[in-house]
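This report refers to the structure that appears directly beneath it.
Ligands are counted one by one from 1 in listed order, and the atoms in each one are counted from 1 as well. Quick caveat: nothing in here was measured; it's all calculated off a predicted structure.
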Amino acid sequence: MDLAYLAELPKEEFVLRRQRVFEQMQDNSALIVFTETEKRRNNDCDYLFRADSYFWYLTGFNEPQSALLLIKKEGLCRSILFLRERDPLMETWHGKRLGVAQAPSVLNMNEAFGITQIQAIFAEKMQNLTACYYAQGWQTWGDAIVQSCFDEVIDWRPMLSEMRLIKSEAEIALIQQACHISALAHIRAMKQTRPNRYELEIEGEIQHEFSRFGARFPAYNSIVASGENACILHYNDNNAVLQDGDLLLIDAGAEFAHYAGDITRTFPINGKFNEAQRALYQLVLDSMKAAVKYLVPNSSFKAANEVAMEVMTDGLLALGILKGEREMLLAEKAVKRFYLHSLGHWLGLDVHDVGDYGQEKDRPLQIGMVLTVEPGLYIPSDADVPEQYKGIGIRIEDNLLITEYGNKNLTSGCPKEIADIEAIMANH
Ligand code: GLY
Ligand code: MN
Ligand code: MN
C-alpha cells in the first residue's frame with residue numbers, strides 16, 4: 001500500500017485562497033492570523049503540534065510561532081509570513097525549521113520575517129491603514145501584538161468560515177482519503193473485537209490502521225465505549241473490559257493531511273446482535289437512511305432531522321420505549337429523551353468544522369459542503385422502559401458530500417448493515 005502521507009494540497013490552492021481573501025478585504029486594510037501555540041502535557045513533554053486550521057487554510061505551514069499578515073494598500077496585495085528563525089542547536093534537538101530565507105519561495109509569500117520582529121514590523125506596516133481584520137481572543141498570544149490600534153477591527157471569522165465551508169475538489173480528495181482510512185480502521189476494530197479485550201486495545205487497533213495509511217493523528221480522541229459507556233456521549237476513559245453480550249460503540253476518525261474523517265459504528269462484542277439490540281440498531285439505521293434522503297441541495301439539517309425524529313418516534317412507540325399519542329410525542333419532541341444531540345455537523349479541517357448553520361440549523365445545503373449524519377439512541381439503565389433495552393447506546397455516523405445529484409457517502413466503505421457487520425465478525 002502506498003503510504004500517501006506526504007499528500008497535500010497543491011501549493012497554488014493556498015495562493016488562490018489568499019487571493020479570494022484579498023478580493024473581500026477593504027482597500028487600505030490588513031488581515032492577521034496567528035497559528036496555535038505549543039501546549040505542555042506535563043513538565044517538559046508537549047502535545048504534538050498542529051497548526052490552527054484558519055492559519056493552515058491560508059498558508060499550508062505547520063510550524064508553531066507563526067503568523068500571516070495580508071496587506072491590501074492602494075490596490076496592491078502582499079502576503080507576509082512571520083516564523084521562527086533558523087537555529088542549528090534548536091534544530092538538532094527538536095527538528096528542522098523552514099526559516100525566513102526559504103519561506104517566500106516555498107510558501108509563495110511576498111516577504112518573511114522572524115517572529116521576534118513581529119511587533120515592530122506589524123506597527124510599521126500598519127501606518128496609514130484604516131482597518132484590520134482580526135479575530136480577537138481566538139489565538140490569544142496575538143492579542144498583545146495587535147492590540148486595538150485601529151479605528152476599525154473586523155472579525156475575519158465569518159469570511160474565512162464561509163470560504164472553508166465550501167470544499168474544493170482537492171480538499172474533497174483529502175477528506176475522502178481521511179474517510180477511507182477511517183473506514184478501514186473501523187473494519188479492523190470489528191475484526192479484532194471479542195469478549196475480554198479492553199476498550200483501549202481496540203483504540204490501539206484503530207490507531208494502528210490510521211498510521212498504516214499515513215494518518216498520524218486521530219481527528220479527535222477516539223471514543224471506544226462498551227455496554228452502558230456508550231450512553232456517555234463523549235466517553236474517553238476507554239479502560240473497560242469488553243463484556244460478552246454487550247454492544248461496542250466506536251466513534252473514531254483519522255486526520256489525513258489536516259482533514260478529518262468522523263465515523264461511528266456500533267456492533268456486538270460477541271459478533272451477533274441480540275433481539276433488543278437488533279431492533280434498536282435497525283431503528284437508528286432506518287432513521288439515518290430517511291435523513292440522508294433530505295441531505296441534498298436546498299434542503300437542510302433541520303428538514304433531515306425532523307424526518308429522522310419521526311422515524312425514531314414511530315419505532316420507539318412500536319417497541320414500547322415511548323408511550324403516548326404519536327402526534328403529541330412528535331410535537332413535544334419526546335424522542336429527545338433518548339437522542340440527545342443533533343443530526344450532524346460540518347466536516348473539514350476541523351471535525352466540527354466552521355461555517356454558519358442558520359438560526360435553527362435550517363441553512364440551505366449547497367454543493368461542495370461536507371457534513372456528518374449521525375443519529376443515535378441512548379437508553380439509560382434507569383429509564384422507565386422495557387428491561388431488555390436498558391443500558392443500550394447506539395450511534396451510526398457517516399460523512400456526506402453534497403453534490404448536484406444529492407449527496408455522496410464518503411464513508412460507504414464502512415459496513416453498517418446488520419448482516420454485513422455480523423459477516424465480517426463471523427470470519428474472524
Ligand atoms: N466525533 C465527534 C462527533 O461525532 O461529533
Ligand atoms: Mn463522531
Ligand atoms: Mn460527528
The Mn ion (ligand 2): protein N, O or S atoms that are less than 2.8 Å away, sorted by chain = D251 OD1, D251 OD2, D262 OD1, E397 OE1

State if D251 counts as touching ligand 1 under the rule of any non-hydrogen atom under 4.0 Å.
-> yes

Would you please classify the geometry between the F34 ring and the Y134 ring as parallel, tilted or perpendicular, with 30° and 60° separating the classes?
-> perpendicular

Where ligand 1 meets E397 - atom numbers and elements under 4.0 angstrom, heavy-atom basis = 4 (O)

Measure the acute angle between the ring planes of Y357 and F301, then classify it against the limits of 30° and 60° as parallel, tilted or perpendicular.
-> tilted

For ligand 1, which part of T372 has a heavy atom less than 4.0 Å away: the side chain, the backbone, both, or neither?
-> neither

Cation-aromatic face contact R265/F267, 6.0 Å, 45 degrees = no

Write out the residue and atom name of the closest protein heavy atom to atom 4 (O) of ligand 1, then the distance separating them to 0.1 Å.
-> E374 OE1, 3.0 Å

Modelled atom types, side-chain donor and acceptor of K361 and S342, under 3.5 Å = yes

Flag for S168-E13: side-chain donor and acceptor within less than 3.5 Å = yes

Does atom NZ of K333 have more than 12 heavy-atom neighbours from other groups under 6.0 Å away?
-> no

Flag for N270-D244: side-chain donor and acceptor within less than 3.5 Å | yes

Is D262 in polar range of ligand 1, meaning some N or O pair under 3.5 Å apart?
-> yes

Pair E203-S222, side-chain donor/acceptor within less than 3.5 Å = no

Would one find an N, O or S atom of H352, in either backbone or side chain, under 2.8 Å from the Mn ion (ligand 3)?
-> no

State whether Y54 and R164 meet the cation-pi test: NZ (Lys) or CZ (Arg) under 6.0 Å from the six-membered ring centroid, and within 45° of the perpendicular axis.
-> yes

Does ligand 1 have an atom that lies less than 4.0 angstrom from a heavy atom of H352?
-> yes

